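Step one of this worksheet: look at the structure below.
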Amino acid sequence: MDEQPRLMHAHGVAMARHGHGHAGLAPHMPDGGSTGPDGDARKQDIGDILQQIMTITDQSLDEAQARKHALNCHRMKPALFNVLCEIKEKTVLSIRGAQEEEPPDPQLMRLDNMLLAEGVAGPEKGGGAAAAAAAAAATGGIGADNSAEHSDYRAKLSQIRQIYHTELEKYEQACNEFTTHVMNLLREQSRTRPISPKEIERMVNIIHRKFSSIQMQLKQSTCEAVMILRSRFLDARRKRRNFNKQATEILNEYFYSHLSNPYPSEEAKEELAKKCSITVSQGWGSIIIVIVSNWFGNKRIRYKKNIGKFQEEANMYAARTAVNATNVSAHGSQANSPSTPNSAGEYALVHSG
DNA sequence: CCTGATGATTAAAG
DNA sequence: CTTTAATCATCAGG
């Protein structure tokens with residue numbers, strides 16, 4: 001794992017051992033190395049080169065390019081590079097020690113899971129749609145008018161989804177762009193100052209972490225948006241919608257034609273549900289069954305509680321079914337008294353007032 | 001507003 | 001589990 005000197009060219013790493021200060025530069029003097037009386041000149045050179053480094057960012061691009069070239073060709077450059085390498089070698093230990101292993105952020109995982117569950121992330125129209133369908137079926141009813149809210153919810157969810165994905169992609173792209181930019185920069189700079197691949201990697205990590213924290217903000221706000229939408233939708237769910245006329249008729253018809261035993265079997269419920277829920281097609285059966293069960297439960301108890309109040313209704317449906325039966329069976333013989341209100345009398349549930 | 005109708009929810013009972 | 005009975009919350013109409 002110790003490959004960091006690859007970019008450092010291993011120029012005399014331990015030069016300074018020769019003694020005091022910049023004397024270490026001497027062995028690598030480019031031109032012959034006449035360590036003579038011109039120490040001040042060398043100092044000046046170093047000051048010069050440092051100055052150039054410090055001001056390089058202030059220049060315009062062309063100017064900087066030219067200056068960089070000059071810098072690279074400067075006679076003191078290798079020596080300075082070596083010194084920098086050496087200093088680096090001393091400090092890199094501390095850097096290496098501070099290698100943070102980041103555990104997967106639990107909060108991020110939570111957000112990811114939620115987005116996945118809500119159908120914002122992950123494959124198109126997944127589990128989130130199921131929740132939506134459940135609530136939708138509950139709202140509306142067996143009738144035809146629930147699709148509006150449902151599609152509203154779906155539309156808003158997919159809107160959130162779309163925004164989320166475009167933003168995420170944008171961040172991803174920006175991150176990649178920025179990363180390659182920085183890497184190019186660092187590689188370029190590695191000609192002037194020692195930069196190990198490890199450090200580049202570290203820098204990339206830092207960038208990625210930064211961007212992923214931005215992404216986390218995005219995820220968080222997306223989660224919030226979904227939650228708000230969801231809570232609003234659930235509120236809407238609490239708002240009771242009456243069934244439409246047709247559904248009520250179908251249910252009543254069954255109820256009054258089975259007054260003696262108004263307990264539809266699972267199959268019968270399913271059948272009724274299918275008949276009533278014309279628009280709720282998307283395979284959300286069981287919820288609708290529950291709705292049918294609710295209806296029959298309410299109907300039974302309320303009928304029993306006050307038979308008188310329902311008498312008229314009972315007569316009506318009884319008549320209707322009677323008419324239907326006669327129409328189907330034979331040609332209009334009003335044999336079985338068209339209005340047979342007293343069929344209600346045999347209602348099995350009537351035990352107490 | 002008020003009120004009855006009605007779908008949903010809940011605890012209790014079978 | 002299903003059903004009952006009570007209750008809640010909302011709707012629809014006066």
Side-chain angles (χ1 to χ4, degrees), chain A residues 117-118 127-154 156-157 226-321 341 343-353:
Chain A
E118 221 60 46
T139 66
I142 297 195
D145 65 334
N146 76 313
S147 59
E149 286 176 55
H150 188 189
S151 67
D152 196 36
Y153 179 85
R154 286 239 305 243
K156 280 179 178 156
L157 188 68
V226 170
M227 287 303 273
I228 289 171
L229 177 64
R230 207 169 144 75
S231 75
R232 229 181 258 157
F233 191 74
L234 287 179
D235 281 352
R237 183 188 76 106
R238 289 194 75 76
K239 285 187 192 240
R240 184 171 60 73
R241 302 260 100 151
N242 288 347
F243 301 159
N244 65 21
K245 199 95 179 137
Q246 194 182 354
T248 314
E249 295 228 340
I250 290 168
L251 293 169
N252 271 321
E253 204 168 305
Y254 186 96
F255 181 78
Y256 286 112
S257 61
H258 297 74
L259 252 191
S260 55
N261 186 30
Y263 296 89
S265 62
E266 280 302 299
E267 296 83 47
K269 280 183 198 170
E270 213 164 326
E271 190 72 26
L272 286 168
K274 229 179 271 179
K275 265 197 233 170
C276 295
S277 59
I278 317 147
T279 54
V280 189
S281 51
Q282 296 263 42
W284 199 238
S286 57
I287 283 281
I288 295 183
I289 300 270
V290 171
I291 293 174
V292 172
S293 298
N294 280 341
W295 190 91
F296 273 90
N298 282 321
K299 192 73 185 180
R300 280 191 299 261
I301 191 68
R302 280 163 185 161
Y303 182 86
K304 180 178 113 176
K305 243 181 164 163
N306 189 352
I307 295 179
K309 199 160 59 185
F310 290 90
Q311 199 67 58
E312 202 177 335
E313 198 176 57
N315 293 344
M316 206 182 82
Y317 281 101
R320 185 176 306 183
T321 51
S343 61
E346 59 182 294
Y347 183 27
L349 283 181
V350 199
H351 12 288
S352 61

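A, B, ... follow the sequence lines: proteins, then strands. Residue 1 opens every chain. Every value quoted in this text rests on a predicted model; they were computed, and no experiment measured them.
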### Query
Using the benzene-type ring in the case of Trp, are the ring centres of Tyr256(A) and Phe310(A) under 6.0 Å apart?
no
Below 4.0 Å: OP1/OP2 of [N] and any side-chain N or O of [X]:
| X | N | result |
| --- | --- | --- |
| Lys305(A) | dT4(C) | no |
| Lys309(A) | dG4(B) | no |
| Arg302(A) | dA5(B) | no |
| Arg241(A) | dT10(C) | no |

Whole angstrom is fine here: how far is it from [atom1] in [X] over to [atom2] in [N]?
| X | N | atom1 | atom2 | result |
| --- | --- | --- | --- | --- |
| Asn298(A) | dA5(B) | CG | C1' | 11 Å |
| Tyr303(A) | dT6(B) | OH | C1' | 18 Å |
| Ile301(A) | dT7(C) | CD1 | P | 12 Å |
| Asn242(A) | dG4(B) | CG | P | 17 Å |
| Arg300(A) | dT2(C) | CZ | P | 12 Å |
| Tyr263(A) | dC1(C) | OH | C1' | 16 Å |
| Lys299(A) | dG7(B) | NZ | P | 8 Å |
| Asn244(A) | dT6(B) | CG | C1' | 14 Å |

### Task
Return yes if some donor-acceptor pair links the side-chain N/O of Arg300(A) with the main-chain N/O of Pro262(A) below 3.5 Å, else return no.
yes
### Candidates dT4(C), dG7(B), dT2(C) - which lies nearest the side chain of Glu266(A)
dT2(C)
### Task
Consider the side chain of Asn294(A), meaning its heavy atoms from C-beta on, and name the nucleotide among dT4(C), dA5(B), dT9(B) that approaches it most closely.
dT9(B)
### Query
Taking the inter-plane angle between the rings of Phe255(A) and Trp295(A) on a 0 to 90° scale, is it parallel (under 30°), tilted (30 to 60°) or perpendicular (over 60°)?
perpendicular
### Query
Does Lys299(A) pair with Glu313(A) as a salt bridge, N-O distance under 4.0 Å?
yes
### Query
Quick one: do Lys269(A) and Glu266(A) make a salt bridge, cutoff under 4.0 Å?
yes
